[in-house]
Amino acid sequence: MPTDCINYQNSGYFSKLIQDYLDQKPELRSLYNHFPTLENFEQQIIEKQSNFDNANRVSLVESLKKQYQNIEISDATKQNIELLALSNTFTITTGHQLNLFSGPLYFLYKIISTINLSKELKSKYPTNNFVPIYWMATEDHDFEEINYFNFKGKKFRWNKESTGPVGRLSTEGLAEFFEIYAAELGSSTNASVLKKLFEEAYLKHENLADATRFLANSLFTQYGLVILDADDAHLKRAFIPFVKEELEKQTSFKAVQETIDQLKEYTIQVNPREINLFYIEDTLRERIVFENDKYFVNNTKISFSKEEILSLLESNPEKFSPNVIMRPLYQEIILPNLCYIGGGGEIAYWLELKSFFDAVNITFPVLLVRNSVLLNTEKQAKKADNLNLSWADLFTKPADLVNAITHKLSAFPIDLTPQKETLEKQFEYLYELAAKTDKSFTGAIKAQEVKQKKGLENLEKRLLKAQKRKLDNELQRVIDLQCELFPNQSLQERQANFSEFYLEKGEQLIPLLIQKLKPLEMNFNIIKI
């Protein structure tokens with residue numbers, strides 16, 4: 001079966017909101033700035049250039065150099081950091097949690113999307129520079145979401161107590177975890193590379209932020225990727241006016257709630273709080289709540305008057321952490337960013353935010369759904385060919401796929417439509433007859449019609465079940481293949497870790513993905529490895 005792609009809207013794995021966004025439905029037009037086409041970036045560049053405070057470039061470059069001071073980086077990454085000081089340099093950004101050993105496969109696809117879009121933009125607009133950014137979600141605190149990864153169907157979980165921002169979490173205790181994982185990898189050349197990568201990232205760095213930076217840099221530094229940790233006092237200075245507005249006016253709550261009210265037919269991804277900020281200190285990260293003219297840190301005894309909290313903001317902005325509503329604004333303030341690349345869920349919540357950006361006069365970025373990929377082997381492709389399956393078939397929900405294949409393989413039609421049509425004609429005659437006699441006869445005909453139609457429907461279902469039993473061997477092969485490609489009836493990219501495929505493909509894996517993925521085409525890619 002040839003390498004192919006599936007339209008996002010037809011894949012069955014994207015929400016109605018994202019499908020309508022990709023279809024550019026007019027009713028959603030007010031929720032974004034420019035749709036992601038190569039031509040639309042011209043206007044985005046103009047708008048961002050006129051709206052971005054270039055003074056923030058100085059602190060950005062200084063912070064990045066400090067964050068990279070203990071890590072070896074490529075000339076491409078060094079050059080990109082330096083370029084960020086120039087007014088004609090812009091960023092393409094993706095963000096991701098600090099999942100253990102990168103977590104699910106789509107970690108790669110997010111970053112590759114940023115790298116490849118940066119290349120495309122440089123080709124189209126050569127007088128400007130475009131830097132791919134990976135924004136590490138170091139201030140998140142939900143450790144349960146990130147403390148594991150799946151490898152060949154097995155879950156490897158790091159059991160550790162955690163509070164506060166995950167980026168500050170100590171990597172102490174991962175040696176035992178590493179021994180268990182290393183034993184599963186085997187002793188091949190590629191296994192040795194993976195073991196060394198894990199060991200150097202997690203056993204030789206003190207916290208999760210440093211470990212993740214090392215890992216992402218090792219995988220992507222040759223492509224000029226710049227990795228940013230925004231849990232940084234220097235960077236948060238630029239965010240002070242916006243934190244102050246949030247504390248005093250709750251602008252985000254009002255603006256985002258108005259947008260949510262317009263999205264009633266869709267599933268809402270995130271709901272704003274009255275204050276969308278956390279207070280962080282060491283291993284503490286708790287919500288800030290305003291009650292009775294005082295600001296409280298939730299689940300603690302810490303409280304502030306208005307004067308006290310604003311004074312703290314001026315002296316220690318690093319103690320204020322944006323939540324999911326405010327984080328995008330923080331990103332767009334400190335980065336000369338043109339485009340945010342994320343999964344369907346991320347883009348869905350970004351679509352709630354444009355009115356908030358408008359209210360605080362910050363340019364809203366282009367929103368691009370990241371590349372999605374189904375990796376398959378030569379053996380799996382041959383199985384699909386032998387079973388006469390298309391990729392569209394394999395994206396079908398399991399029950400629907402089994403029914404469709406049963407119909408396809410059956411030696412006779414599993415369809416009693418002709419019999420139903422004959423029955424309809426018989427009852428048409430009976431109703432004509434009833435019209436000529438007592439009305440009570442019509443009721444008897446109606447009851448018999450319902451009974452016989454229901455009987456044919458039941459026979460049709462039983463016939464389908466009988467054919468499934470007869471075709472059990474062929475259907476089981478179909479189910480087995482779909483389970484290989486869609487583990488746990490979910491997308492492969494959400495289940496498997498990159499190491500499973502690196503074990504087979506080695507150092508060719510990422511260059512292959514770089515070559516194949518085209519971010520602006522917005523299709524689900526099927527790639528043979």
Side-chain angles (χ1 to χ4, degrees), residues 1-16 18-19 22 104-106 150-155 267 343-345 372-423 452-497 500-501 504 523-529:
M1 192 156 54
T3 300
D4 206 347
C5 62
I6 300 289
N7 181 282
Y8 280 156
Q9 294 92 313
N10 296 331
S11 70
Y13 285 95
F14 288 85
S15 69
K16 185 178 187 300
I18 293 302
Q19 292 180 51
L22 294 171
L105 260 172
Y106 67 80
N150 297 312
F151 177 76
K152 293 190 173 181
K154 293 183 180 180
K155 178 171 282 190
T267 300
S372 281
V373 180
L374 176 63
L375 298 175
N376 67 98
T377 64
E378 184 74 35
K379 184 178 179 181
Q380 288 168 332
K382 284 182 178 178
K383 280 184 185 178
D385 282 337
N386 292 337
L387 293 167
N388 198 26
L389 293 170
S390 68
W391 290 117
D393 290 334
L394 287 164
F395 270 81
T396 308
K397 299 303 178 187
D400 295 337
L401 176 60
V402 168
N403 287 343
I405 298 304
T406 303
H407 280 276
K408 186 187 291 187
L409 295 178
S410 178
F412 52 84
I414 309 173
D415 182 3
L416 298 184
T417 298
Q419 289 73 21
K420 292 175 185 176
E421 290 173 349
T422 299
L423 191 65
Q452 292 196 30
K453 283 184 175 180
K454 187 69 174 176
L456 281 176
E457 288 173 3
N458 288 335
L459 283 174
E460 194 172 63
K461 290 176 183 177
R462 293 189 66 175
L463 180 59
L464 180 61
K465 285 183 179 179
Q467 281 300 88
K468 285 179 183 178
R469 286 193 295 269
K470 183 177 180 181
L471 298 167
D472 181 66
N473 288 338
E474 293 90 337
L475 291 175
Q476 192 58 52
R477 289 164 62 201
V478 171
I479 293 167
D480 289 345
L481 177 59
Q482 191 181 49
C483 287
E484 287 178 23
L485 295 168
F486 296 83
N488 298 322
Q489 297 184 18
S490 178
L491 290 177
Q492 175 195 79
E493 63 183 32
R494 292 191 169 275
Q495 295 290 315
N497 179 262
E500 184 173 331
F501 298 92
E504 303 298 323
N523 286 318
F524 208 114
N525 297 270
I526 294 100
I527 298 177
K528 192 182 297 180
I529 59 171

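Only this structure's heavy atoms are used, side chains among them; waters, hydrogens and symmetry mates stay out.
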A.B. asks: Are side-chain heavy atoms of S372 and Y13 found at a separation under 4.5 Å?
C.D. replies: no
A.B. asks: Only pairs at least two apart or in different chains count here, so list each salt bridge (charged side-chain N to carboxylate O under 4.0 Å, His left out) that has a residue in residues 397-407.
C.D. replies: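 Sorted pair list comes back empty.
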A.B. asks: Distance check, rounded to the nearest 0.5 Å: Q482 atom CD versus L389 atom CG?
C.D. replies: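 The CG atom of L389 is 9.0 Å from CD of Q482, to the nearest 0.5 Å.
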A.B. asks: Considering non-hydrogen atoms only, spot the tightest contact between Q19 and F14 and give its length.
C.D. replies: NE2-O, 2.8 Å
A.B. asks: Between the main-chain N or O of V373 and the side-chain N or O of E493, is there a donor-acceptor pair closer than 3.5 Å?
C.D. replies: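 Indeed, once roles are kept as given, a pair shorter than 3.5 Å links the two residues.
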A.B. asks: Answer yes or no: is there a side-chain heavy-atom contact under 4.5 Å between N150 and N497?
C.D. replies: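 With C-beta onward as the side chain, the pair stays apart.
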A.B. asks: Can a donor-acceptor pair be found between the side chains of D393 and S390 at a distance below 3.5 Å?
C.D. replies: yes
A.B. asks: Side chains of I405 and E474, heavy atoms from C-beta outward: is any pair under 4.5 Å?
C.D. replies: no
A.B. asks: Restricting to non-hydrogen atoms, name the atom on N525 and the atom on C5 that form the minimum distance, rounded to 0.1 Å.
C.D. replies: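 So the minimum-distance heavy-atom pair works out to CA-CB, 4.3 Å.
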A.B. asks: When rounded to the nearest 0.5 angstrom, what distance separates CG in L401 from NZ in K408?
C.D. replies: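 Separation between the atoms: 8.5 Å.
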A.B. asks: Can you find a pair of side-chain heavy atoms, one from F524 and one from W391, that are under 4.5 Å apart?
C.D. replies: no
A.B. asks: Identify the two heavy atoms, one from L485 and one from L374, that lie closest to each other, and give their separation to 0.1 Å.
C.D. replies: O-CD1, 3.4 Å
A.B. asks: First locate atom CD of Q495, then atom NZ of K155, and finally report the distance between them rounded to the nearest 0.5 Å.
C.D. replies: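 The NZ atom of K155 is 8.0 Å from CD of Q495, to the nearest 0.5 Å.
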A.B. asks: Looking only at non-hydrogen atoms, find the nearest pair between L394 and A384 and report the distance.
C.D. replies: CD1-CB, 4.3 Å
A.B. asks: Can you find a heavy atom in the side chain of F486 that is under 4.5 Å from one in the side chain of L491?
C.D. replies: yes
A.B. asks: Using every non-hydrogen atom in the two residues, find where R477 and N386 come nearest and quote the distance to one decimal.
C.D. replies: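 The pair with the smallest heavy-atom distance is NH2-CB, 4.5 Å.
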A.B. asks: Find out whether Q492 and P487 are in side-chain contact, i.e. whether some heavy atom of one side chain is under 4.5 Å from a heavy atom of the other.
C.D. replies: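 Side-chain contact under 4.5 Å: yes.
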A.B. asks: Rounded to the nearest 0.5 Å, how far does CG of L22 lie from CD of Q9?
C.D. replies: 4.5 Å
A.B. asks: Working to the nearest 0.5 Å, report the span between CG of N523 and CD1 of I6.
C.D. replies: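 CD1 of I6 is found 8.5 Å from CG of N523.
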A.B. asks: Side chains of F501 and L105, heavy atoms from C-beta outward: is any pair under 4.5 Å?
C.D. replies: yes
A.B. asks: If I take atom OG1 from residue T377 and atom CD1 from residue I529, how far apart are they, to the nearest 0.5 angstrom?
C.D. replies: 7.0 Å
